[in-house]
Protein chains: 2
Amino acid sequence: MPSITEERILDAARRVLCVNAGATVDEIAAEAQVGRATVFRLFKSRAGLLRTLGRRAILVTDQVAAEAAATAATATEALKAVITAVLGASEHYRFLGTAVELSEDEEITRAYDRQLSELADLVAAARREGSIRPDLPTAWVVAVIDGQLWATGAAVAKGAVGLLQAQELIWGTIMTGISAGKAIGYTNGE
Amino acid sequence: MPSITEERILDAARRVLCVNAGATVDEIAAEAQVGRATVFRLFKSRAGLLRTLGRRAILVTDQVAAEAAATAATATEALKAVITAVLGASEHYRFLGTAVELSEDEEITRAYDRQLSELADLVAAARREGSIRPDLPTAWVVAVIDGQLWATGAAVAKGAVGLLQAQELIWGTIMTGISAGKAIGYTNGE
DNA sequence: CTTATATGAGATGATATTGTATCATGCCAT
DNA sequence: ATGGCATGATACAATATCATCTCATATAAG
């Protein structure tokens with residue numbers, strides 16, 4: 001059972017690591033308004049803290065995505081719901097983008113690959129429903145969605161757009177782009 | 001005038017830092033097949049090497065973007081050309097995404113902000129030409145383009161798609177999305 | 001052949017961070 | 001009040017990395 005202090009440290013670590021991926025235990029403890037010794041007492045080591053944080057990120061994202069998918073009747077709706085929901089949870093995983101140590105952690109990378117694989121399945125299902133351009137490689141579509149999630153998550157964190165606005169815009173942007181043209185079809189726009 | 005050795009070190013640093021943002025001078029020197037002392041001789045310090053690398057990235061990106069823009073007759077064409085060209089140069093700046101130390105470097109962050117600002121100007125000009133959805137905030141459009149560049153650059157580096165294919169797909173994806181629908185208009189797809 | 005220069009290997013000192021241990025303090029329950 | 005417990009501050013050792021220095025070697029120019 002995670003204590004209040006534990007939660008405060010985890011939250012602080014998330015915040016600090018987003019800004020400074022190489023943050024020391026000192027800085028994390030300071031952000032959490034907690035002594036450095038407490039961090040080492042509750043988490044075995046810095047790596048342990050990072051690992052806990054990484055597992056949390058994966059759990060939260062999985063859960064949010066699963067809940068979102070459960071509400072949808074079609075794969076396309078599920079895709080939209082998942083994208084919107086995951087964007088809402090970006091604060092929980094955003095630090096992973098720059099967390100060097102975790103990019104070498106087997107468990108984390110495997111979980112991330114699994115999530116991308118599940119996303120690919122969802123994309124494939126939506127494609128079968130006829131809502132995804134058939135000429136685009138699935139890997140490309142997945143990269144686009146993943147990239148859009150990271151980018152708009154960062155934009156929200158920076159304050160460039162609000163989270164609610166981003167959640168309203170992201171699906172439309174991914175699906176129909178930013179073009180003002182209404183019937184562009186499959187050309188590359190040239 | 002940068003020596004051959006200098007170039008080898010810079011190239012090696014780019015490669016290593018993409019994989020491991022916290023790479024030590026030892027690792028960089030090893031990748032460059034060069035003694036560690038040589039790195040310190042040619043660049044004053046690790047920070048100096050990083051700064052040189054960062055400046056290089058900005059210079060190359062600026063130059064590539066300027067050349068691309070020069071070939072275009074309209075802002076929309078310029079936007080397309082710039083996006084395609086910058087994607088092609090992603091290997092030169094990709095390490096910046098995880099380079100912790102440089103995210104605190106005034107010169108680098110200012111330059112990056114300037115580039116985003118220039119991109120915003122280009123987007124605004126394209127919008128005046130009627131090619132960008134008028135209801136989308138410019139900040140959002142810029143975030144989308146920036147995110148797409150980072151994401152597809154990463155996908156190319158990972159080998160998920162080829163560079164040429166990515167360069168063919170990115171403009172179409174940004175402009176008209178991944179939807180199979182031909183006349184979706186401005187709704188959010190619900 | 002000799003000299004100058006660049007290099008690689010390694011020693012060395014300085015510094016920062018991790019992780020452990022100790023001790024005093026404040027708080028809570030009994 | 002008092003005993004137990006979590007905490008914060010601090011000291012400490014261990015380690016890693018940076019940065020400098022020295023020296024031997026190789027390579028090219030004269």
Proximity to the side chain of [X] - top-ranked nucleotide from [options]:
{"X": "A/S45", "options": "D/dC18, C/dG19, C/dT7", "value": "C/dG19"}
{"X": "A/F40", "options": "C/dG8, C/dT20, C/dT7", "value": "C/dT20"}
{"X": "A/T24", "options": "C/dG10, D/dC18, C/dT17", "value": "C/dT17"}
{"X": "B/T38", "options": "D/dT20, C/dG19, C/dT7", "value": "C/dT7"}

Over how many whole Å does the gap from [X] atom [atom1] to [N] atom [atom2] extend?
{"X": "B/E6", "N": "C/dT7", "atom1": "CD", "atom2": "C1'", "result": "14 Å"}
{"X": "A/E27", "N": "C/dT17", "atom1": "CD", "atom2": "P", "result": "7 Å"}
{"X": "B/R8", "N": "C/dA6", "atom1": "CZ", "atom2": "P", "result": "16 Å"}
{"X": "B/I4", "N": "D/dT27", "atom1": "CD1", "atom2": "C1'", "result": "16 Å"}
{"X": "B/L50", "N": "D/dT17", "atom1": "CG", "atom2": "C1'", "result": "14 Å"}
{"X": "B/R36", "N": "C/dG10", "atom1": "CZ", "atom2": "C1'", "result": "8 Å"}
{"X": "A/R41", "N": "C/dT18", "atom1": "CZ", "atom2": "C1'", "result": "16 Å"}
{"X": "B/R46", "N": "D/dT17", "atom1": "CZ", "atom2": "C1'", "result": "9 Å"}

Self-check item: Student check: side-chain heavy atoms of A/D105 and A/R55 closer than 4.5 Å
Solution: no
Exercise. Kindly indicate whether the side chain of B/L149, heavy atoms from C-beta on, has any atom under 4.5 Å from the side chain of B/I83.
Key: yes
Exercise. Pick base, sugar-phosphate or nothing for B/Q33, based on heavy-atom distances below 4.0 Å to the nucleic acid.
Key: sugar-phosphate
Exercise. Would you kindly compare A/K44 and B/L42 by the position of their nearest DNA chain C nucleotide and give the one closer to the 5′ end?
Key: B/L42
Quiz item: Does a side-chain N-to-carboxylate-O contact under 4.0 Å join A/R110 and A/D113?
Solution: no
Quiz prompt | Check: B/T24 side chain, B/E27 main-chain N or O, donor-acceptor pair, under 3.5 Å | solution = yes
Exercise. Spell out, as yes or no, whether a donor-acceptor pair under 3.5 Å connects the side chain of A/S179 to the backbone of B/T176.
Key: no
